[in-house]
There are 4 protein chains.
Amino acid sequence: MDNFQIHFGHITHPTQQKILQSAVKIFSQKGFSGSTTREIAREAGVSEATIFRYFETKKDLLLALISPSMVKSITDLFVDMDGESEENVLKNFLKRNAEAIKDNQDLLKIILYEALFHPEIKEIIFKEIVQKKTRLLESYFEQQKRDGQFKDIDSKTATQTLIGMLIGFQLFKYAFPSQDTNPKQENDILDDIIRIFLYGMKK
Amino acid sequence: MDNFQIHFGHITHPTQQKILQSAVKIFSQKGFSGSTTREIAREAGVSEATIFRYFETKKDLLLALISPSMVKSITDLFVDMDGESEENVLKNFLKRNAEAIKDNQDLLKIILYEALFHPEIKEIIFKEIVQKKTRLLESYFEQQKRDGQFKDIDSKTATQTLIGMLIGFQLFKYAFPSQDTNPKQENDILDDIIRIFLYGMKK
Amino acid sequence: MDNFQIHFGHITHPTQQKILQSAVKIFSQKGFSGSTTREIAREAGVSEATIFRYFETKKDLLLALISPSMVKSITDLFVDMDGESEENVLKNFLKRNAEAIKDNQDLLKIILYEALFHPEIKEIIFKEIVQKKTRLLESYFEQQKRDGQFKDIDSKTATQTLIGMLIGFQLFKYAFPSQDTNPKQENDILDDIIRIFLYGMKK
Amino acid sequence: MDNFQIHFGHITHPTQQKILQSAVKIFSQKGFSGSTTREIAREAGVSEATIFRYFETKKDLLLALISPSMVKSITDLFVDMDGESEENVLKNFLKRNAEAIKDNQDLLKIILYEALFHPEIKEIIFKEIVQKKTRLLESYFEQQKRDGQFKDIDSKTATQTLIGMLIGFQLFKYAFPSQDTNPKQENDILDDIIRIFLYGMKK
DNA sequence: AATGAATGAGATTTCATTCAT
DNA sequence: AATGAATGAAATCTCATTCAT
């Protein structure tokens with residue numbers, strides 16, 4: 001609805017595409033266990049039997065959504081930290097990530113929440129998302145410290161803090177949207193977040 | 001297991017207590033939809049019929065865990081912002097919340113996950129947790145700004161940012177615990193987080 | 001409600017009385033299989049366990065309501081056919097029966113419905129109600145035929161016909177009461193029924 | 001068993017037909033609440049799950065039997081009052097109805113008895129059966145009165161009386177069949193009933 | 001390639017009944 | 001005499017999955 005139509009690049013058959021898209025929609029609304037193959041089939045406009053032609057089990061359907069290649073295609077979009085100033089670098093990073101999150105909110109919702117109960121999903125997240133982002137930021141912070149720009153604050157902590165800020169921003173934006181938690185413009189909020197973080201880090 | 005035995009203060013009957021505790025354990029491991037009343041009964045050492053003597057439906061069992069009074073008893077523990085210095089005030093706040101989270105991790109996991117799919121739960125969280133913490137922090141920030149201590153950064157944003165930091169900290173601590181994401185001592189990490197935030201906010 | 005409080009004469013204990021009365025109420029509203037001992041207990045203001053102190057099984061509770069002595073106490077009220085004229089005799093008969101039905105409608109509803117599914121109840125009805133009424137009427141008709149008052153119509157048929165008329169009257173009165181099926185006064189209707197029957201039978 | 005195989009005209013699928021027929025059989029033997037879906041499934045030679053493929057709930061299965069269209073198909077068979085003499089007209093009416101009842105006894109048993117506990121069923125009976133028969137007879141009686149054939153007896157009462165007679169006849173025929181309540185031939189009994197009624201009504 | 005039909009296994013819920021107090 | 005607590009057994013209903021076409 002307020003979501004892009006995800007295209008599952010490595011999947012060829014249009015029926016399979018429809019099923020995957022419907023699964024994203026239903027799973028994100030009701031969770032994996034709370035969804036039925038019947039609903040997904042109905043949403044996709046196919047019979048339940050058809051789902052099982054393409055995916056051996058319901059769990060396989062979930063895992064197809066979260067295949068490493070799938071996750072990679074989301075996270076690889078923005079791997080570089082660039083920009084003319086520190087402020088710009090971080091702002092670019094946050095903004096690109098905010099956009100990637102926005103474009104894939106339903107899928108991310110599924111991934112994050114099902115990770116709680118499926119270790120293999122947690123593993124994928126950790127390897128494909130957490131570690132990558134973490135390393136990227138950590139090495140950036142190390143660089144800045146070496147250049148004498150940043151305080152001597154542990155880079156892991158700084159990384160987790162920044163990611164936490166991003167998550168907090170998303171949380172209030174998506175989880176409690178109508179409740180006017182913050183009337184400011186998204187862009188201004190991101191600017192403020194960066195200000196807090198940067199001035200906190202800078203010498 | 002790695003969790004305190006929660007005591008549901010307003011519940012009188014020991015059997016009911018056992019059922020609630022078992023429900024917390026099972027729901028937190030498999031999610032509400034993924035759990036069966038049979039498992040909960042087995043865990044509690046009672047028959048399934050006994051569960052339904054105390055809770056009309058499975059959903060009612062979930063809601064009993066998340067009753068406003070329940071949630072209140074968690075969140076009301078620490079309502080004051082106090083301490084001799086700003087640093088101390090914030091550190092106290094974060095630490096107390098970190099402890100409250102630790103003591104109730106299973107229950108919080110359930111609440112956060114199920115809030116996604118049950119609007120009435122989201123409502124409770126919003127009213128009993130988000131709004132309370134938010135207001136507390138916001139008024140503290142407003143005070144600091146008035147006193148000329150803090151920069152003129154939007155208090156809502158500052159609040160969301162600080163909460164995000166806390167969430168980030170928890171996330172890495174609980175979601176990816178074994179993966180040595182951060183070897184530093186918990187206390188030191190909190191100190192660093194506060195340093196970043198405070199120096200970001202201070203004039 | 002619109003029903004007398006039946007008193008189960010041979011029952012001594014007040015708790016047992018209450019249970020029987022509640023059973024009549026609930027069974028008549030939902031049928032035997034559709035009622036639960038819980039409802040009956042609640043209605044009687046006792047615990048379910050108490051019901052089973054007085055009645056070994058739920059079925060025994062039903063049978064206690066329909067014990068021959070119970071049924072006898074209803075039907076024996078009016079055993080004579082008397083009156084100064086044929087018209088009066090029949091009218092007295094119909095009226096007394098209409099009253100007996102009115103005073104025991106809930107119990108009769110139960111008896112009639114459950115007779116369908118419990119042969120032992122059907123047996124009781126047949127012996128205690130049908131046969132008695134039937135014999136009474138048949139011998140009256142035989143007498144009238146012998147006296148040259150009535151046509152030579154089979155007495156069994158006449159009996160069944162008259163009873164049918166009474167049932168029809170009751171049916172419209174109780175089954176479709178609000179639907180204004182017949183605005184006339186009850187007494188006038190009975191008069192008309194008797195006129196039809198009597199003029200049909202008389203030579 | 002002693003019943004025609006009802007064909008549910010508007011239902012297409014043979015499995016659904018089998019289920020409906022089995023439901024008629026079981027419900028008529030044990031009542032709705034006293035029957036289990038397991039028995040019905042066994043009788044129909046399908047799994048319980050299959051029943052719920054065709055009928056969302058057990059109650060829906062009951063209501064499908066008593067759908068207005070179903071009831072209509074029974075009662076619409078005989079709507080005309082015709083014949084050369086009054087005697088013939090009434091005899092035709094009673095006979096046709098007696099036949100319709102015979103052909104659908106199990107279903108009628110269900111309808112009549114469940115109407116006691118399910119207002120929506122009572123409603124259907126009233127609209128589809130009672131009102132139709134009632135109107136038909138009432139207008140016939142009005143006509144006869146206008147033609148000077150019948151006494152000035154209230155037409156509603158006359159109608160209820162005649163219907164009562166028919167019910168009485170059926171009752172003794174079906175409810176106490178083996179007990180030799182009436183050894184006369186069915187046809188003769190109907191003749192007698194009509195004689196009583198007609199001579200009761202005629203001027 | 002797609003599906004209508006069917007179901008086994010199991011989930012939730014109900015309910016008559018027991019029993020210790 | 002009465003009941004709160006508990007439950008075995010069964011009832012209704014669900015759902016992922018299979019299979020013949």
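Proteins come first, then strands; the chains are lettered A, B, ... in the order of their sequence lines, and each starts at number 1.
- Between A/L62 and A/I121, the closest side-chain pair of non-hydrogen atoms falls below 4.5 Å.
- Across the interface with DNA chain F, nearest-nucleotide mapping of D/K58 and C/T50 shows C/T50 to be the residue nearer the 5′ end.
- Rounded to 10 degrees, the angle between the two end axes of the helix from E/dA2-F/dT21 to E/dT21-F/dA2 is 20°, with five pairs used at each end.
- Side chain of B/K58 to main chain of B/F32: a donor-acceptor pair is present (N/O by atom type, distance under 3.5 Å, no hydrogens or angles).
- Residues C/H118 and C/K59 have side chains in contact (heavy-atom distance under 4.5 Å, counting atoms from C-beta outward).
- By the side chain to side chain donor-acceptor pair (under 3.5 Å) test, A/Q29 pairs with no residue at all, sequence neighbours left out.
- In this structure, A/F55 places its CZ atom 19 Å from C1' of F/dC15, rounding to the nearest Å.
- Here chain C contacts DNA chain E (any atom closer than 4.0 Å to a heavy atom, that is under 4.0 Å), and the contacts span E/dC15 to E/dC19 from 5' to 3'.
- Listed in residue order, the members of residues 33-49 of chain C having a heavy atom less than 4.0 Å from DNA chain F are C/V46, C/S47, C/A49.
- Closest-nucleotide positions on DNA chain E for C/E56 and D/T15 were compared, and the one nearer the 5' end corresponds to D/T15.
- Contact of the A/K109 side chain with the A/Q105 side chain is not registered, since no non-hydrogen atoms from C-beta on lie closer than 4.5 Å.
- One atom, CZ of A/F52, and another, C1' of F/dC15, lie 9 Å apart when rounded to the nearest Å.
- D/Q16 places a side-chain heavy atom less than 4.5 Å from the side chain of D/F55.
- Considering only residues two or more places apart in sequence or on other chains, D/T50 meets the side-chain contact (heavy atoms from CB on, under 4.5 Å) condition with D/T15, D/I19, D/V46, D/S47, D/Y54.
- Residues satisfying the side-chain contact (heavy atoms from CB on, under 4.5 Å) test with B/K30, not counting sequence neighbours, are B/S35, B/E39.
- Side-chain atoms of C/S22 come within 3.5 Å of backbone atoms of C/A44 as a donor-acceptor pair (strictly under, hydrogens ignored).
- Here B/F27 and B/Y113 keep their ring centres 6.0 angstrom or further from each other.
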